[in-house]
J.: 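Okay, handing you the structure first.
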Number of protein chains: 2
Amino acid sequence: MDTPQTYDVTKFERPSVTADVVIFTVLEAQLKVLLIKRKKWPYQDSWAIPGGFIKMDESLEESAYRELAEETNVTREQVYLEQLYTFGDPGRDPRTRVITVAYFALVSADQLNPQAADDAADVGWFSIHDLPALAFDHPKIVSYALTRLRYKLEYTAVGFQLLPDLFTLHELQNVYEIVLGTSLDKGNFRSKLRKTKVVEMVEGRRDTGGRPARLYRFRDDAVAEIKARRLFP
Amino acid sequence: MDTPQTYDVTKFERPSVTADVVIFTVLEAQLKVLLIKRKKWPYQDSWAIPGGFIKMDESLEESAYRELAEETNVTREQVYLEQLYTFGDPGRDPRTRVITVAYFALVSADQLNPQAADDAADVGWFSIHDLPALAFDHPKIVSYALTRLRYKLEYTAVGFQLLPDLFTLHELQNVYEIVLGTSLDKGNFRSKLRKTKVVEMVEGRRDTGGRPARLYRFRDDAVAEIKARRLFP
DNA sequence: ACAAAAGTGTTGAGAGTACACCCATGC
DNA sequence: GCATGGGTGTACTCTCAACACTTTTGT
């Protein structure tokens with residue numbers, strides 16, 4: 001991590017380091033991102049993803065959880081959080097050299113308080129297809145997060161983090177279709193789900209206008225990851 | 001990246017930031033990592049992966065390339081470099097708070113100068129199966145890099161970066177077997193290679209003790225990534 | 001001729017995909 | 001009954017994986 005030579009670690013000029021979080025949820029049949037409005041220069045009145053400076057005694061992940069909690073009041077158990085990428089080009093912040101460790105998070109819409117955080121006007125959920133102009137290099141960060149989310153959805157079981165504890169299979173399929181932006185075959189979706197044994201049926205049904213739907217729950221002991229198909233055998 | 005509130009960006013205490021690089025190559029039929037011996041406290045005389053402080057006017061990637069060049073004198077065109085993960089737990093360095101942006105690199109053994117860098121005694125290639133005690137949290141970083149390398153090898157074409165420009169299919173299969181730690185079926189390996197069209201035959205043969213082997217080259221225009229198998233259809 | 005390594009083909013099992021069909025409820 | 005959405009099954013295609021076989025060189 002540092003050179004083995006005789007450098008004094010204190011004599012180097014140090015950059016600022018922040019943790020930024022791209023927070024996703026599915027709301028109103030759309031994949032949405034949480035944005036906050038900046039009040040100061042630079043990029044005053046632009047929208048930005050939440051973030052803040054890393055404290056000297058907290059880990060990067062703790063820092064990201066703290067940012068997450070400040071804007072959404074969700075706890076660690078209610079959220080999926082994963083380090084995304086570290087962005088640090090000189091000049092990405094006009095004030096000084098700022099390196100940001102970006103995270104992405106998945107929260108279920110039912111866990112969000114209707115009145116999130118402080119001033120509701122300055123915090124909002126935006127559809128991924130209709131984003132406002134974003135501050136700094138945040139467009140790149142959001143775009144990267146979306147790519148990673150779609151990718152992860154295809155070979156792991158993180159999609160359940162976007163749903164309440166109990167859900168119907170149709171709701172689950174909807175989440176997948178919304179995030180991936182494709183339509184899926186009902187029969188195949190369900191048969192594969194049965195084979196992988198990642199969900200279990202629970203008591204109770206949900207009224208939907210036709211035949212009532214069974215409720216399901218994610219199985220914690222489920223194998224949540226599938227072996228990737230190999231390019232070479 | 002920063003909070004939109006009224007913080008003065010200059011008033012926060014700043015951590016040190018370094019770039020560390022896990023450099024892989026295949027040498028003597030083994031997957032090896034480049035390590036350097038530390039000369040100073042802390043972890044004096046321990047082995048460590050190369051790294052150094054980020055300069056205020058260079059990007060993270062430039063910093064990683066610089067570290068790479070200092071130890072191996074390979075150029076950007078001769079190497080595959082990818083950001084791995086950012087490690088920043090408080091206490092990972094006893095001197096001060098140091099956050100490291102870790103990269104991993106793949107170089108072909110034929111591109112390495114026999115006499116690498118300065119003192120040969122303090123730089124060495126170590127088999128992944130026989131590593132010495134490492135400084136800081138470098139065991140975790142190397143282990144993470146290895147996982148990522150194996151994973152990438154299965155669904156992208158980065159494996160070619162560990163071979164010379166021209167190679168036989170047997171040599172290619174060997175690299176895959178060494179890195180993945182498994183044995184592969186010759187017939188299936190070749191038929192899949194034919195289908196994906198990532199390599200092309202070139203003139204010339206190589207003597208090997210039996211029937212001479214055809215030489216191949218990686219096709220730059222090849223589709224280097226395969227679609228992941230979906231957990232849900 | 002035989003050993004050694006290169007290189008190709010075959011075959012059965014299982015996954016992926018498209019689609020048709022039946023079931024339970026409200027009106 | 002019939003509209004609506006829930007839920008299952010089938011049949012075809014393609015990939016995966018194991019294995020047998022042929023070809024070309026040196027000695």
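Please read all numbers here as calculations on a predicted model, not as lab measurements. Protein chains get the first letters and strands the later ones, always in sequence-line order, with residue 1 at the start of each.
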J.: Please state how far atom CZ in B:Arg206 lies from atom C1' in C:dA6, giving the value in whole angstrom units.
T.: 14 Å

J.: Would you mind telling me which of C:dA6, C:dA24, C:dC19 lies closest to the side-chain atoms of A:Pro212?
T.: C:dA24

J.: Give the rounded distance in Å between these two atoms: CG of B:Asp185 and C1' of C:dG7.
T.: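 After rounding, the gap between these two atoms is 12 Å.
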
J.: Indicate yes or no: does A:Arg66 engage A:Glu70 in a salt bridge with an N to O separation below 4.0 Å.
T.: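 Result for this pair is yes, salt bridge flagged.
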
J.: Begin with the C-alpha distance, continue with both residues' side-chain angles, and end with the deciding distance and a verdict on side-chain contact (heavy atoms from CB on, under 4.5 Å) for A:Leu84 and A:Tyr103.
T.: CA-CA 5 Å; A:Leu84 182 65; A:Tyr103 283 78; 5.6 Å; no

J.: Measure from the side-chain heavy atoms of A:Asn188 and tell me the nearest of D:dG5, D:dA17, C:dA18.
T.: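 Of the options given, the side chain of A:Asn188 lies nearest C:dA18.
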
J.: So, under a plain 3.5 Å distance rule, would you say the side chain of B:Lys186 forms a donor-acceptor pair with the base of C:dG7?
T.: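 Donor-acceptor pair under 3.5 Å: yes.
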
J.: Specify the separation, in whole Å, of atom CZ of A:Phe189 and atom P of D:dG9.
T.: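 The answer, rounded to whole Å, is 18 Å.
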
J.: Using whole Å, what does the distance between atom C1' of nucleotide D:dT4 and atom CZ of A:Arg205 come to?
T.: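 Answer to the nearest Å: 17 Å.
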
J.: Do B:Arg150 and B:Glu154 meet the salt-bridge criterion of a basic N to acidic O distance under 4.0 Å?
T.: no

J.: Picking from C:dC19, D:dG6, C:dA5, which would you name as closest to the side chain of A:Ala213?
T.: D:dG6

J.: Please pick, from D:dG7, C:dA18, C:dT8, the nucleotide with the shortest atom-to-atom distance to any side-chain atom of A:Arg190.
T.: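 The answer is D:dG7, which lies nearest to the side chain.
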
J.: OP1, OP2 of D:dT15 versus side-chain N and O of B:Lys192: anything below 4.0 Å?
T.: no

J.: Starting the side chain at C-beta, find the nucleotide from C:dT25, D:dG5, D:dT23 nearest to B:Arg211.
T.: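 Per side-chain heavy atoms of B:Arg211, the pick is D:dT23.
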
J.: Do B:Thr86 and B:Thr100 make a side-chain contact, defined as non-hydrogen atoms from C-beta onward lying under 4.5 Å apart?
T.: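 Sidechains of B:Thr100 and B:Thr86: no contact.
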
J.: The side chain of A:Arg194 lies closest to which of these nucleotides: C:dG16, D:dT8, D:dA17?
T.: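 Closest nucleotide among those given: D:dT8.
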
J.: Could you pick out which residue, B:Asp207 or A:Leu169, lies toward the 5' side of DNA chain D when each is mapped onto its nearest nucleotide?
T.: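 Its nucleotide being nearer the 5' end, the pick is A:Leu169.
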
J.: Starting from the 5' end of DNA chain C, give me the residue, A:Ser191 or B:Leu215, whose nearest nucleotide shows up first.
T.: B:Leu215

J.: Check the orientation of B:His138 and B:Phe136. Use parallel for under 30°, tilted for 30 to 60°, and perpendicular for over 60°.
T.: tilted

J.: To the nearest Å, give me how far apart NZ (A:Lys195) and P (C:dT17) are.
T.: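 Interatomic distance, NZ of A:Lys195 to P of C:dT17: 11 Å.
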
